[in-house]
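The structure under discussion appears below in the form of structure tokens.
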Amino acid sequence: MSPSDANRKRLLVLNSGSSSIKFAVFAIHGQDPLWRGQAEGLGGTRARLLIEDVAAGEREEQSLSSGGHEDALKTLLDWLDRTVGHAALQAVGHRVVHGGTAHADPVRLDQALLEELDDLSGLAPLHQPHNLAAARHLMRLRPDLVQVACFDTAFHRRQPWVAQQFALPREWSRRGVLRYGFHGLSYDFIAGKLRTDFPELAAGRVVVAHLGNGASLCAMRNGESRATSMGFTALDGLPMGQRCGALDPGVVLYLIQQQGLSVDEVQDLLYHRSGLLGISGISHDMRELLASEAHEAGEAVSVFCYRAAREIGSLVAALEGLDGLVFTAGIGENCAPVRAAIVERLGWLGLAIDEEANAAHETAIHATGSLPVLVLPTNEEAVIVRETRQVLEAAGA
Ligand code: ADP
């Protein structure tokens, strides 16, 4: 391959959900996306593909006739053919939420692996089936295209044995009922950012708070996951936009046995009607709750911050100490009052916030004399691109 051919090679990153497919197109060695966008409204009558030329800031829109996921991917591939040329697309990197016990690293997707990963769909019913469906559609549309799975669980797979266990009979852990943890692509990015920009802290004990619609915490030592707040599924740990977070399992039994809820109703309650939305009755969106004057909105924010601080304490115990705290994702990056309320509860750990720096969303938001408290924007796409390249290079492509 000549250098100019290599310069034309492109990588596609996909994050496929139930009603949308987010994508970004990168140059083979590029750091920033050339285009990004999403197919949205999938499954409905007004599905469309939105594409943004990042450098030019130009946007285009195409309506998707059938509104299905395969149609969206075909339209995206056709657009790529026209824009970068058919031969330029070298690989697709997929965000895949669950890699089970077997996958601590990214891996090239083939039919057999898709079947293996299908078996994990029950563990991540909101994401895994859609992640895999996109890979299947692409395999049909473009059988020769290299596709790589980048797992949200992978970063946590090397946690100590004890951190992965539930106190259930051993038979269940042998059968895969373990604490897996999620948001691993985000934590991997933050670990890398700490290594390059804050090497001393990176070598120490850090709790990273990924606070978005989905929210979790990761306890890192020397850039590796030692414990995390999410468990077997992405329901555990912190309360989220619509998910309940950690819940006494007795509540589930009570709802089914005493209150007569069906299993589907309980699933809907825990995944879609709980968390910030459930407590406030107003919204799952932190911005809306902070803007609301209703006391229920304030109570939902208070529970969120209380539980985050409490769970950070638990991860500090897992790390046997703390050298710094990092906030990331939608709420963590943008929401100063939430950061302040969480840190205020952690004064006993030697953490204090600098109000001005926090309000200005500076990188370092701690007060003089406090342990570092940082705000670092996450970038899961960057990790998917890096991992996809890694798999291509290992294959000698
Ligand atoms: P997802 O888990 O869907 O990727 P995000 O990381 O985008 O979620 O986070 C979404 C959350 O971040 C929402 O609760 C939203 O209100 C909050 N958020 C995003 N931007 C801001 C902002 N500027 N101020 C306050 N909250 C914000």
Side-chain angles (χ1 to χ4, degrees), residues 13-24 33 36-38 40 42 94-98 124 126-128 130-131 150 152-153 181-190 193 208-218 228-230 233-245 271-292 294 296-305 307-308 326-343 353 358-362 365 375-384:
V13 169
L14 288 183
N15 184 356
S16 311
S18 60
S19 63
S20 74
I21 300 175
K22 295 187 182 133
F23 73 90
R36 63 181 333 132
Q38 62 177 336
E40 58 180 38
L42 299 177
H94 293 267
R95 177 184 193 168
V96 177
V97 68
H98 217 303
L126 299 188
H127 300 104
Q128 188 89 341
H130 306 295
N131 303 158
C150 305
D152 253 326
T153 47
F182 300 89
H183 291 138
L185 298 167
S186 172
Y187 292 127
D188 195 326
F189 181 83
I190 298 295
K193 189 79 184 155
V208 181
H210 175 111
L211 307 180
N213 247 329
S216 72
L217 303 169
C218 181
T228 186
S229 61
M230 277 181 172
T233 67
L235 265 187
D236 201 4
L238 306 181
M240 303 172 221
Q242 289 151 274
R243 285 172 256 168
C244 57
Y271 275 98
H272 300 298
R273 297 197 287 122
S274 298
L276 293 174
L277 174 65
I279 299 173
S280 70
I282 295 171
S283 173
H284 68 278
D285 192 292
M286 187 58 91
R287 257 176 304 200
E288 286 181 33
L289 296 180
L290 291 171
S292 167
E296 291 89 347
E299 285 172 350
V301 177
S302 295
V303 171
F304 183 87
C305 297
R307 291 273 297 273
V326 176
F327 287 103
T328 193
I331 297 170
E333 291 167 28
N334 297 298
C335 201
V338 170
R339 290 191 301 248
I342 293 171
V343 173
I353 214 137
N358 186 37
H361 307 294
E362 285 178 15
I365 58 167
V375 178
L376 299 177
T378 194
N379 187 346
E380 288 148 314
E381 274 170 7
V383 176
I384 298 174

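All ligand and atom numbering here is 1-based and tracks the order in the structure. Every value quoted in this text rests on a predicted model; they were computed, and no experiment measured them.
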Item to check | Closest protein heavy atom to atom 26 (N) of ligand 1, given as residue, atom name and distance to 0.1 Å | outcome: Arg287 CG, 3.5 Å
Next on the checklist: Applying side-chain hydrogen bond (donor to acceptor under 3.5 Å, both in side chains) to Glu333 and Thr328, what does each step give before you reach the verdict?
Outcome noted: CA-CA 5 Å; Glu333 291 167 28; Thr328 193; 3.2 Å; yes
Next on the checklist: Could you measure the distance from the NE2 atom of His210 to the CD atom of Glu380? Nearest 0.5 Å is fine.
Outcome noted: 5.5 Å
Next on the checklist: So, regarding Leu211 and ligand 1 (criterion: nitrogen or oxygen to nitrogen or oxygen, under 3.5 Å), is there a contact or not?
Outcome noted: no
Checklist entry - Got a protein heavy atom sitting under 4.0 Å from atom 4 (O) of ligand 1? => result no
Next on the checklist: Would Leu290 count as a polar contact of ligand 1, with the cut-off being nitrogen or oxygen pairs under 3.5 Å?
Outcome noted: no
Checklist entry - What is the distance from atom CD1 of Ile282 to atom CD of Glu288, rounded to the nearest 0.5 Å? => result 9.0 Å
Next on the checklist: Give me the residue, atom name and distance of the protein heavy atom closest to atom 6 (O) of ligand 1.
Outcome noted: Gly330 N, 2.9 Å
Checklist entry - Going by the atom numbers of ligand 1, which of them fall below 4.0 Å from some non-hydrogen atom of Gly214? => result 2 (O)
Next on the checklist: What protein heavy atom lies closest to atom 10 (C) of ligand 1? Include the residue and the distance to one decimal.
Outcome noted: Asn213 N, 3.6 Å
Checklist outcome for this item: Ranked by distance from atom 22 (C) of ligand 1, the top protein heavy atom is Asn334 CB, 3.1 Å
Checklist entry - In the protein, which heavy atom is nearest to atom 11 (C) of ligand 1, and how far is it? => result Ile331 CG1, 3.7 Å
Checklist entry - Which ligand 1 atoms are under 4.0 Å away from a heavy-atom of Asp285? => result 14 (O), 15 (C), 16 (O)
Item to check | ligand 1 to His210 polar contact by distance, N or O atoms, under 3.5 Å | outcome: no
Checklist entry - Among protein heavy atoms, which sits nearest to atom 14 (O) of ligand 1, and what does the distance come to when rounded to 0.1 Å? => result Met286 N, 3.0 Å
